[in-house]
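Scroll down for the structure; my scribbles are underneath it.
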There are 4 protein chains.
Amino acid sequence: MSALADAVELSLESMGRAPLQGRSKASLERMLATARTLMVERGNEDFTLQEVSSRGKVSIGSIYLRFENKDSLVRAVLYRATQTLAQEEDTMQAALAASCATLKEFVPHYVEAYSEVLRRNAPLLRLTMMRAEHDPPISALGKRAALLAESKALAAFMRYRDEIAGPDPEMCAKAAHHIIFATLARQLSLGSSSESVTNYDWNVLKRELGRMCTAYFAAV
Amino acid sequence: MSALADAVELSLESMGRAPLQGRSKASLERMLATARTLMVERGNEDFTLQEVSSRGKVSIGSIYLRFENKDSLVRAVLYRATQTLAQEEDTMQAALAASCATLKEFVPHYVEAYSEVLRRNAPLLRLTMMRAEHDPPISALGKRAALLAESKALAAFMRYRDEIAGPDPEMCAKAAHHIIFATLARQLSLGSSSESVTNYDWNVLKRELGRMCTAYFAAV
Amino acid sequence: MSALADAVELSLESMGRAPLQGRSKASLERMLATARTLMVERGNEDFTLQEVSSRGKVSIGSIYLRFENKDSLVRAVLYRATQTLAQEEDTMQAALAASCATLKEFVPHYVEAYSEVLRRNAPLLRLTMMRAEHDPPISALGKRAALLAESKALAAFMRYRDEIAGPDPEMCAKAAHHIIFATLARQLSLGSSSESVTNYDWNVLKRELGRMCTAYFAAV
Amino acid sequence: MSALADAVELSLESMGRAPLQGRSKASLERMLATARTLMVERGNEDFTLQEVSSRGKVSIGSIYLRFENKDSLVRAVLYRATQTLAQEEDTMQAALAASCATLKEFVPHYVEAYSEVLRRNAPLLRLTMMRAEHDPPISALGKRAALLAESKALAAFMRYRDEIAGPDPEMCAKAAHHIIFATLARQLSLGSSSESVTNYDWNVLKRELGRMCTAYFAAV
DNA sequence: TATGAATGAGTATTCATTCAT
DNA sequence: GATGAATGAATACTCATTCAT
């Protein structure tokens, strides 16, 4: 996690210019917040700097004082979002660490908590994944974040190593992580634009996802 | 499937104008094929009609004769792609229908075959999912296709109803379908831009996905 | 001269796209005329395409239909001007060819006629020379035109080869050409923005320039 | 020359504000030197004050403390350059004054020495002439400098008044000056961007320019 | 029907100038 | 006096859409 934080800090520094304070800091925050809002509303690049300027009460010149170009601004928003997600994952893992005695108890709590973290970060996670498709720096960021998330999940499952029946517990933990993440991410991505996926379905799916993993870990 | 076909036909008719023949038909096909190629190369809207015109040997005027605007052309490509995917799902299900005696035997074959169908259709499936984010007609199309796919998967699993241990086999089948689809779709989407997901990992994941579902179905 | 004409035609074709007729031709002419006027008024690049559009009753899109970018438009104006100057030099030389029996008679007529040609073309000649400073294609054009002008002048003087006293008549003719051209060009360039160079001075200078060359040719 | 110096001083005072000392003086010098370098590199106005600020270690604010606007800075550079050229002309004339017994001996030395002075000052002389085209104050400066140079050249030639054959030696001297200056200036301006004007040609031209003037002065 | 030349609104980016500190 | 962050008007260029032929 500090690896990602470092990478992100580095990137933000390299796009912006220097550690800022006071009015400058506030102005930078307004840029980023406005850009983020617009990106969520309309898509990664489907906003104009004119809009950031007027909505965010920041002059166009100021934007170019902090960012080399529009792409840099977009990337900075995604870098921040990725950092936030990573931090929330950390917090979530820490909170879960002490609370469950057995794997069977842990798995549903984990699914529930992770789903909540992803739900909160879904809009920007989606934007990051979309942008990664065509933007190498964001693709690299996404991969770093994914590997980090994987290692964190692995560590969590490995605390219950003895309860995993198969001959290769690490592999099982890795598979479970991928399947859980994919399922949650997929449902959330549909969720945003779909009313057909009701709360009921969603809760059922989370429960069954937990049951499936538990059965998997228990199977020889 | 015929439900989707009907919907797609309807939509295509409403954007295009009339049943076409001969040269007109060929010209329409060139438009759609060229647009599809460009969309895959660069993204849903990141191509110009000028390019479709020159690459596809179609005049700009004739594009506007068949489609109300650029969005209609993009949508037509996605409608067709969705239809193609649905047909391949049908073919795949039909091929699998007779070949497996037990659920335990069926599941890994199903995962493998479905993954192959999705791999073939990944580029346009990805475009459809991205566009759905901000385009209601495509969002609706996606939902129809997802429901259709769900019902087809359900029917397949239900052939082995007796082998599903839980009290609600339908719910289990539904959950399994969502988890399988989400996992496969997610891996394929990463796959396009990621070399880190090697064939080995991918094959391992598919195998474990099968094992997980099998364990799930077997669990009480 | 046909060498320059060819080069210019080639260049114009490569910037514009095809032989045009009727309305297209007229529209292209308006672009070039408007750009030329603005360039003379304000300098090579100190005009906006918006101005060309509104003053010339041409849409901005039309300009980009004929020219790759603003630089291409500027260059096309200078290419045309260079071609015009070369043609007027030809015409002038042809008119002078038969009319003078001796070198002493020819020189002042030549100075007078050349000065008139340069006066007519001074504004665009000046623009071409200024642009050549920083624009390789225009620099190359300028050199081609200068060499062509030199060879034409040389041929004219050589008709009176026997009247040139020195041991190397060609060299003398070349030197005379350079000195005549430089002097006339310099006066004209000052002339445009200077009222201090009165007609009287100008006429005196031309007369003396003739006398100087005549004395030079006569000297051993 | 003192006339020009006065004019230039006046102008510099009117753009700058007060007689400066120490750090202020050094800072002003850095501004002017940096601006001059950039102007020579890229053209009269093709540099940014940001560049002057960073390259010259001068704050943007302090530029505006000394100069009303960017144009004033550009003009100050050209004023200084013009002053320098005038001083070098003076030095050159003084050095030549005693050394030649006859006009025939003087002329080639004069051409050679003047050509050297112009060569050294060519870049900024060119910038001054280009700017004069569209900037009245610089046009006025150029005219003052030209008249001054003319009067200095006249005085030099007049020392050999008896060797000029024609009925109006002053007029001949004036004509010779204009022709010499024009020819040298033209070759130097071409020289910067042209490799076709070789040293050989250039030396030949200077020699022939001398011969031409000598023949002219000797002719009745 | 079919064509493709013409249109012009829309947008990222630059940079002289100001002014709060 | 001195600084340099902030401002925003200005401008080249793109491309969906129209319409005369």
Nearest to the side chain of D:L65, heavy atoms from C-beta on, is which of F:dA2, F:dG4, E:dA2?
F:dA2
Are A:R66 and F:dA6 close enough that a side-chain N or O sits under 4.0 Å from OP1 or OP2?
yes
Could you tell me how far apart B:F67 (CZ) and F:dT17 (P) are, to the nearest whole angstrom?
13 Å
Are any side-chain N or O atoms of C:S54 and backbone N or O atoms of C:Q50, one a donor and one an acceptor, separated by less than 3.5 Å?
yes
From C-beta outward on D:S59, which listed nucleotide comes closest to its side chain: F:dC15, F:dG4, F:dA12?
F:dG4
For DNA chain E, list all stems, counting runs of three or more consecutive pairs where every pair is Watson-Crick or G-U wobble with both distances under 3.5 Å.
E:2-21 with F:2-21
Sugar-phosphate, base or nothing in reach of C:I60, heavy atoms under 4.0 Å
base
Assign each of C:S27 and A:Q50 the nucleotide of DNA chain E bearing its closest heavy atom; nearer the 5' end lies the nucleotide of C:S27
Relative to C:F47, does C:K70 satisfy both conditions: NZ or CZ under 6.0 angstrom from the six-membered ring centre, and within 45 degrees of the ring's axis?
yes
Distance only, no hydrogens: is a donor on one side chain within 3.5 Å (strictly under) of an acceptor on the other, for A:S27 and A:S24?
no
Do B:S62 and B:S59 have a side chain donor and acceptor closer than 3.5 Å?
yes
Please report the distance, rounded to the nearest Å, between CG in A:L28 and P in F:dA6.
10 Å
Measure CZ/A:F47 against C1'/E:dT13 and give the value in whole Å, please.
14 Å
Taking for each residue the nucleotide of DNA chain F with the nearest heavy atom, is it B:N69 or C:E45 whose nucleotide lies nearer the 5' end?
C:E45
Between D:R80 and D:E29, does at least one N-O distance fall below 4.0 Å, as a salt bridge requires?
yes
Rounding to a whole Å, what distance do you find between D:E51:CD and E:dT17:C1'?
17 Å
Closer than 3.5 angstrom, by distance alone: can the side chain of B:S53 be matched with the main-chain N or O of B:V58 as a donor-acceptor pair?
yes
Looking only at E:dT13, F:dT17, E:dT17, the nucleotide nearest the D:K70 side chain is E:dT17
Listed nucleotide nearest any side-chain atom of A:S24, set F:dA5, F:dA9, F:dA12
F:dA5
Residue that, paired with B:R30, satisfies side chain to side chain contact (heavy atoms under 4.5 Å, CB included) out of B:R55, B:K25, B:K57
B:K57
With nearest nucleotides of DNA chain E determined for C:K57 and B:V58 from heavy-atom distances, which residue corresponds to the more 5′ nucleotide?
B:V58
Could you check how far CG of D:L49 sits from C1' of E:dC19, rounded to whole Å?
16 Å
A:Y64 OH - F:dA10 C1' separation (whole Å):
14 Å
With a 3.5 Å distance limit and no angle check, can you tell me whether A:E133 reaches the backbone of A:M130 through a side-chain donor-acceptor pair?
no
Grab the CD-P distance between A:E68 and E:dC15 for me, whole Å please.
14 Å
Under 4.0 angstrom, heavy atoms only, what part of the nucleic acid is C:S62 near: base, sugar-phosphate, or nothing?
base
To the nearest angstrom, how far is A:I63 atom CD1 from F:dA6 atom C1'?
12 Å
